[in-house]
Amino acid sequence: MGFVRLVVFGFIALSVIYLSISLYSRSVRKERLENEFDEANPDGGPAGARDAFIVEGMHAYDNSIRPKLIGLVYVIPVVAVSVITYVINAH
């Protein structure tokens with residue numbers, strides 16, 4: 001029963017961490033795109049160009065490897081707990 005509790009609460013905790021990191025990473029990327037556009041276009045550029053630039057940049061971000069690497073938040077703790085459990089029980 002203790003193992004089931006560990007899995008359930010661990011999954012909940014890892015999900016909260018994953019969502020926090022994912023939202024933070026997306027907000028940092030969006031802010032970087034906004035600053036990049038503002039530096040390239042000090043006059044503001046054409047109407048709607050800023051929004052289109054940000055949408056295109058966020059689409060490129062979604063297809064990059066960074067969001068997939070954030071998924072390691074689930075893998076690394078599971079592997080660590082598995083290795084620790086194996087080492088403790090094997091010796």
Side-chain angles (χ1 to χ4, degrees):
M1 191 63 183
F3 179 72
V4 173
R5 246 188 319 211
L6 173 69
V7 169
V8 169
F9 287 118
F11 180 74
I12 291 170
L14 292 175
S15 294
V16 168
I17 293 169
Y18 173 81
L19 287 173
S20 299
I21 292 172
S22 180
L23 290 174
Y24 176 74
S25 181
R26 287 184 63 77
S27 71
V28 167
R29 180 64 182 155
K30 185 174 181 181
E31 185 174 340
R32 188 173 296 146
L33 287 168
E34 289 170 348
N35 292 338
E36 184 179 325
F37 183 83
D38 292 341
E39 288 175 6
N41 301 299
D43 60 344
R50 185 174 196 251
D51 292 335
F53 179 78
I54 292 170
V55 167
E56 182 180 324
M58 291 306 291
H59 181 68
Y61 169 80
D62 290 337
N63 293 329
S64 70
I65 194 157
R66 180 168 286 187
K68 295 162 187 72
L69 288 176
I70 295 173
L72 289 175
V73 165
Y74 287 109
V75 175
I76 293 173
V78 170
V79 169
V81 169
S82 299
V83 168
I84 290 170
T85 304
Y86 174 76
V87 169
I88 289 173
N89 288 329
H91 295 286

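Throughout, numbering of the chain's residues begins at 1 and tracks the sequence.
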Enquirer: Could you give me the CA-CA distance, side-chain angles and deciding distance for I54 and F37, then say whether side-chain contact (heavy atoms from CB on, under 4.5 Å) is met?
Expert: CA-CA 8 Å; I54 292 170; F37 183 83; 5.7 Å; no

Enquirer: Side-chain heavy atoms under 4.5 Å apart, restricted to Ile/Leu/Val/Met/Phe/Trp/Tyr: what other residues fall into the cluster of V28, or is it alone?
Expert: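 V28 shares its hydrophobic cluster with Y24.
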
Enquirer: Quick check: does any side chain N or O of T85 sit under 3.5 Å from a backbone N or O of V81, one acting as donor and the other as acceptor?
Expert: yes

Enquirer: How many angstroms lie between atom CZ of F11 and atom CG of L6, to the nearest 0.5 angstrom?
Expert: 13.5 Å

Enquirer: Extract all donor-acceptor atom pairs below 3.5 Å that involve side chains of residues 60-79 and protein atoms in other chains or at least two apart in sequence.
Expert:
from	atom 1	to	atom 2	distance (Å)
Y61	OH	S25	OG	2.6
D62	OD1	R26	NH1	2.5
N63	ND2	H59	O	3.4
N63	ND2	H59	NE2	3.2
S64	OG	Y61	O	2.6
K68	NZ	S64	O	3.0
Y74	OH	S15	OG	3.0

Enquirer: Kindly give the cluster partners of I88, where membership spreads through any ILVMFWY side chain lying under 4.5 Å from a current member.
Expert: I84

Enquirer: Go through L33 and E56 one step at a time and tell me if the side-chain contact (heavy atoms from CB on, under 4.5 Å) criterion holds.
Expert: CA-CA 10 Å; L33 287 168; E56 182 180 324; over 6 Å; no

Enquirer: Taking atom CD of E34 as the centre, report whether more than 12 heavy atoms of other residues, nucleotides or ligands fall under 6.0 Å from it.
Expert: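 Enclosed.
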
Enquirer: For the CD atom of E36 and the CG atom of N41, what is their distance to the nearest 0.5 Å?
Expert: 10.0 Å

Enquirer: Check the hydrophobic clustering (I, L, V, M, F, W, Y; side-chain heavy atoms under 4.5 Å; chains of links allowed) and say if I21 and V16 are grouped together.
Expert: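 No, it is not one cluster - the side chains of I21 and V16 are not joined through contacts under 4.5 Å.
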
